[in-house]
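Here is the structure we will look at, set down as structure tokens.
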Amino acid sequence: MNDHLISHRPAGTGHPYRYDLDQRVPVHPLRGEEYEIRVLTDPQVTDVRVEFGDGTQVPAERVDPATVTLDFGAPAASPTGSAGHLASAASAAPDTGGRTAWIARATGGRGRRVHHRRPDRGGR
């Protein structure tokens, strides 16, 4: 049996000013508010669906990690002179460790479970 990795941490790493590629955004969605369920998978995974407690499924879309919003809060100050030694690190695309990023969009107010479809057996 070949199990493929799927990573979803509802609260991510808990960083106060940065979202992760495998967390729920926002972490505590309000009823009726749209939110993202972010997932990282092995590259072999071809389909990711979020299944809610009532049986409703929402498909996730494969995304380019460089296009995903990761920072929130106050905007960064404009650089003056040299960009500084942390500028390249702050602007670098997130490292997925070779995994694929996915995002499903849903509306708050339902239970949460994440499943993925395995390409080798077509199941979960």
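- Within the 4.5 Å cutoff, no side-chain heavy atoms of Y19 are placed close to those of V68.
- Of all heavy-atom pairs between Q23 and P10, the closest is CB-O, 3.8 Å.
- Annotation: side chain of D20 is not in contact with side chain of H15 (no heavy-atom distance under 4.5 Å).
- For the atom pair CD1 (I37) and CZ (F52), the distance works out to 4.5 Å, reported to the nearest 0.5 Å.
- Across all their heavy atoms, Y35 and T107 have their closest contact at CE2-C, 3.4 Å.
- The existence of a salt bridge linking D22 and R38 is excluded, since no basic side-chain nitrogen approaches an acidic carboxylate oxygen closer than 4.0 Å.
- The NE2 atom of H8 lies 11.0 Å from the CG atom of L40; values are rounded to the nearest 0.5 Å.
- Each of I103, V63, T100, L70 was evaluated against L21; a single residue qualifies, L70, per the side-chain contact (heavy atoms from CB on, under 4.5 Å) test.
- The two residues T46 and R62 have their closest heavy-atom pair at CA-NH2, 4.0 Å.
- For P29 against G108, the heavy-atom pair with the smallest separation is CB-CA, 4.5 Å.
- Closest approach of T67 to D64, counting heavy atoms only: OG1-O, 2.7 Å.
- Distance alone, capped at 3.5 Å, places no donor-acceptor pair between the D42 side chain and the Q44 backbone.
- Of all heavy-atom pairs between D71 and R18, the closest is OD1-NH1, 2.8 Å.
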